[in-house]
Amino acid sequence: MEVWIKALEVEMQVKQKGIELEVRSPDGKEQLGDCYVTMTGLVWCNGKTKKENGIKVKWEDLIAICKSDASLKAAVKAAKAL
C-alpha cells in the first residue's frame, strides 16, 4: 500500500480537524480511500467517500479490536466474511 499524508497540522497533538491519510494500491494507481485520524478516533472513507459519510471508529473500539492478535484476527475474519 501507498499511504500519503494529505494534510498535517504543525501542532503535534491531534486536534478535532485531525490528519488525513490517502491510501492507494501498492502500485499507486488506485485510490482505495482516506483515513482521518482525529482526537476522538478514526474515520475510514472507502474510495472517494466524503468524511461525513465515512465509517467512524472510536479509539476505545479500535483498542478493543487491536488488544491482542486473536481479537484482531477475529475482527478481520468477520469483516472479510461480509
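Below, each value reflects all heavy atoms present in this structure, side chains not excepted, and no hydrogens, waters or symmetry copies.
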Donor-acceptor pairs under 3.5 angstrom involving side-chain atoms of residues 73-82: please list them, not counting sequence neighbours.
none

Results of side-chain hydrogen bond (donor to acceptor under 3.5 Å, both in side chains) for Thr49 - residues two or more places apart only =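 Residues passing side-chain hydrogen bond (donor to acceptor under 3.5 Å, both in side chains) with Thr49: none at all.
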Output all residues satisfying side-chain hydrogen bond (donor to acceptor under 3.5 Å, both in side chains) with Asp69, sequence neighbours left out; order by chain, then residue number.
->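 Not a single residue meets the side-chain hydrogen bond (donor to acceptor under 3.5 Å, both in side chains) criterion with Asp69.
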Which heavy atom in [X] sits nearest to a heavy atom in [Y], and how many Å separate them?
{"X": "Ser71", "Y": "Ala64", "value": "OG-O, 3.5 Å"}
{"X": "Gly28", "Y": "Arg24", "value": "O-NH1, 3.2 Å"}
{"X": "Thr38", "Y": "Trp59", "value": "O-NE1, 3.1 Å"}

Scan residues 44-60 for pairs that pass salt bridge (charged side-chain N to carboxylate O under 4.0 Å, His left out), counting only residues two or more places apart or in two chains.
->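 For residues 44-60: none.
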Mind checking the CG-SG spacing from Leu32 to Cys45? Nearest 0.5 Å is all I need.
->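 Here the interatomic distance stands at 13.0 Å.
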Interatomic spacing from SG in Cys35 to CD in Glu20 - rounded to 0.5 Å =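 CD of Glu20 is found 9.5 Å from SG of Cys35.
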Say whether [X] and [Y] are linked into one hydrophobic cluster, either directly or through other cluster members, by side-chain heavy-atom distances under 4.5 angstrom.
{"X": "Val3", "Y": "Val43", "result": "no"}
{"X": "Leu72", "Y": "Ile63", "result": "no"}
{"X": "Leu42", "Y": "Ile19", "result": "yes"}
{"X": "Val23", "Y": "Tyr36", "result": "no"}

Residue list, salt bridge (Lys or Arg N to Asp or Glu O under 4.0 Å) with Glu30, at least two apart or on another chain |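 Per chain and number, Glu30 pairs via salt bridge (Lys or Arg N to Asp or Glu O under 4.0 Å) with no residue.
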Is Ile55 isolated, or which residues cluster with it under the ILVMFWY side-chain rule of less than 4.5 Å, directly or via members?
->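 Joined to Ile55, directly or through intermediates: none.
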Side-chain contact test, heavy atoms from C-beta onward, threshold under 4.5 Å: evaluate it for Asp34 versus Trp44 and give yes or no.
->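 A side-chain contact under 4.5 Å is absent here.
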